[in-house]
Amino acid sequence: MPIAPIEALGALSGALGVTAPTSLDAAATTAPASASSGQAFGDLLIDHLDRLEGIQDRADDLAVQAATGDLSNMHDYTIAATEAAVTAQLTVAVRNRALEAFNDIIRMPIG
C-alpha cells in the first residue's frame, strides 16, 4: 500500500490534533528548544501513539461486532477501519521522515 508524501497528508493532521505552521516564518518565530520543550515533545508523541491505539482498538471492536452480527450499521466499521489505516500510514510516514532527518544529521561532517 503506497504512502502519500507528507505534503499531501497535511489535511489529515487535524485528525490527530496536530497543527502545522502555515509558513516558514511561523516556524522561525517559535521559541528555541529547551529541556522543557523536549519533555513536551515526548508527551505529545506518547499522546498521539495512545490516540492511534484507541482508534485501532475501536476498529477492532467494531470488526468483532460485524463478525458476530451484532453491528447494526456496517458503515461504522468501514469508517473506523479506514480511519485506523490512514492514521497508521500517517504515523509510519512521520516516523520514516524523522528517521531520515536523524540519519542526515548523523552524516553531517563536523567542523
Side-chain angles (χ1 to χ4, degrees):
M1 181 179 303
I3 297 175
I6 292 294
E7 295 82 22
L9 296 174
L12 297 175
S13 63
L16 291 177
V18 177
T19 56
T22 56
S23 69
L24 292 178
D25 294 335
T29 60
T30 59
S34 65
S36 63
S37 67
Q39 181 64 28
F41 176 76
D43 292 341
L44 181 69
L45 184 63
I46 290 171
D47 181 51
H48 288 298
L49 290 176
D50 288 342
R51 286 184 190 181
L52 172 63
E53 183 179 7
I55 290 169
Q56 290 177 336
D57 288 344
R58 180 172 177 264
D60 290 344
D61 290 342
L62 290 173
V64 169
Q65 290 178 10
T68 59
D70 295 334
L71 186 64
S72 61
N73 190 355
M74 188 58 98
H75 294 100
D76 291 337
Y77 166 67
T78 306
I79 291 169
T82 303
E83 182 181 9
V86 169
T87 305
Q89 287 177 355
L90 177 62
T91 303
V92 169
V94 169
R95 183 213 55 191
N96 289 343
R97 292 287 176 121
L99 286 174
E100 288 175 16
F102 174 78
N103 287 331
D104 288 345
I105 290 170
I106 293 298
R107 290 188 202 119
M108 285 181 162
I110 298 176

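Just so you know, residue 1 is the first one in the sequence shown, and it goes up from there.
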Asks: Just verifying a value: how many Å separate Ile106 CD1 and Leu99 CG, rounded to the nearest 0.5 Å?
Replies: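 So the CD1 of Ile106 and the CG of Leu99 are separated by 11.5 Å.
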
Asks: Within the side chain of Asp47, is there an N or O that forms a donor-acceptor pair under 3.5 Å with the backbone of Asp43?
Replies: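 No; judged by distance alone, with no hydrogens or angles, the pair does not exist.
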
Asks: Are Leu49 and Glu53 packed together at the side-chain level, in the sense that at least one heavy-atom pair is separated by less than 4.5 angstrom?
Replies: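 Answer no - side chains too far apart.
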
Asks: Would you confirm whether Thr87, through its side chain, and Ala84, through its main-chain N or O, come within 3.5 Å as a donor-acceptor pair?
Replies: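 Flag not set: sc Thr87 to bb Ala84 has no pair under 3.5 Å.
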
Asks: Roughly how far, to the nearest 0.5 Å, is the NE2 atom of His48 from the CD1 atom of Ile55?
Replies: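 Going from the CD1 atom of Ile55 to the NE2 atom of His48 covers 10.5 Å.
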
Asks: Could you grab the distance from atom CD1 of Ile79 to atom CZ of Arg58, nearest 0.5 Å is fine?
Replies: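 Here the rounded value is 8.0 Å.
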
Asks: Share the residues that join Leu71 in a hydrophobic cluster, the rule being Ile, Leu, Val, Met, Phe, Trp or Tyr side chains under 4.5 Å apart at the heavy-atom level.
Replies: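 Members alongside Leu71: Leu62, Met74, Tyr77.
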
Asks: Is the shortest distance from a Lys or Arg side-chain nitrogen in Arg107 or Asp104 to a carboxylate oxygen in the other one below 4.0 Å?
Replies: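 So Arg107 pairs with Asp104 through a salt bridge.
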
Asks: Given side chains that start at C-beta, do those of Arg95 and Val92 come closer than 4.5 Å, heavy atoms only?
Replies: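 Yes - at least one pair of side-chain heavy atoms lies under 4.5 Å apart.
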
Asks: Write down the atom of Ala59, the atom of Ala80, and the distance for their closest heavy-atom approach.
Replies: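 For Ala59 versus Ala80, the nearest heavy atoms are CB-O, 3.7 Å.
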
